[in-house]
J.: 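There's a structure below that I have some questions on.
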Amino acid sequence: MLGTLFIGAIAGILSGYIGIGGGIVVVPSLIHLLGYDPKVAIPTSVFFIFLTTSFGTFFHVKNEKLKKNHILVPLLTSIGAITGSSILC
C-alpha cells in the first residue's frame, strides 16, 4: 500500500513540475517495482486518468472556461474507445 502511494506521489510531482503524463511513471512502476500484471496496471492507470480528466472537465465547464457543446466529440470518442477495448479484451 505504501509503495503504491509513493509511486502516485512521485508521478504527481513529476507531472506537475515537468508536464509529463503520470501514466508514463505509474504503469512501469506498478509492473516492475510492485509486480502488478500489465493487464491490471494499465487499466488502473487509465481509470485514474479518466477520473482526473472528468473532474477537470467538470470544473472548466462550471467556471465557464469550456463550453458544454465542446464536450460532445471527446465524450463520443471515449465511449467508442471503451466499447472497442471491451470487444477486443
Side-chain angles (χ1 to χ4, degrees):
M1 179 79 172
L2 288 176
T4 308
L5 290 173
F6 179 73
I7 290 170
I10 295 298
I13 291 168
L14 287 174
S15 3
Y17 280 116
I18 58 178
I20 64 169
I24 202 165
V25 175
V26 172
V27 173
S29 299
L30 289 175
I31 294 170
H32 298 295
L33 298 177
L34 298 179
Y36 279 54
D37 180 34
K39 289 184 179 181
V40 173
I42 294 169
T44 300
S45 178
V46 171
F47 174 72
F48 284 104
I49 292 168
F50 168 76
L51 285 179
T52 304
T53 56
S54 296
F55 279 106
T57 302
F58 171 76
F59 285 109
H60 275 80
V61 169
K62 182 181 174 196
N63 294 328
E64 299 178 359
K65 294 184 179 192
L66 180 66
K67 295 181 181 179
K68 292 177 185 172
N69 61 348
H70 291 158
I71 299 172
L72 185 60
V73 171
L75 179 64
L76 294 176
T77 305
S78 297
I79 292 169
I82 291 168
T83 304
S85 65
S86 65
I87 291 170
L88 292 175
C89 296

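Note: hydrogens, waters and symmetry copies are ignored here, and every other heavy atom, side chains too, is used.
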J.: Can you list, pair by pair, the side-chain donor-acceptor contacts under 3.5 Å of residues 53-63, counting residues two or more places apart and other chains?
T.:
unit_1, atom_1, unit_2, atom_2, d
Thr53, OG1, Ile49, O, 3.0
Thr53, OG1, Phe50, O, 3.1
Ser54, OG, Phe50, O, 2.7
Thr57, OG1, Thr53, O, 2.8
His60, ND1, Gly56, O, 2.8
Asn63, ND2, Phe59, O, 3.2

J.: Show me, pair by pair, the donor-acceptor contacts under 3.5 angstrom made by side chains of residues 14-31, not counting sequence neighbours?
T.:
unit_1, atom_1, unit_2, atom_2, d
Ser15, OG, Ala11, O, 2.5
Ser29, OG, Val25, O, 2.6

J.: Donor-acceptor pairs are to be reported for all side-chain atoms of residues 37-44 against protein atoms at under 3.5 Å, with residues two or more places apart or in another chain.
T.:
unit_1, atom_1, unit_2, atom_2, d
Thr44, OG1, Val40, O, 2.6

J.: Got a second to check how far Ile82's CD1 is from Thr77's OG1, nearest 0.5 Å?
T.: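 Answer rounded to 0.5 Å: 11.0 Å.
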J.: For the CG atom of Leu34 and the OG1 atom of Thr4, what is their distance to the nearest 0.5 Å?
T.: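 One gets 5.0 Å once the value is rounded to the nearest 0.5 Å.
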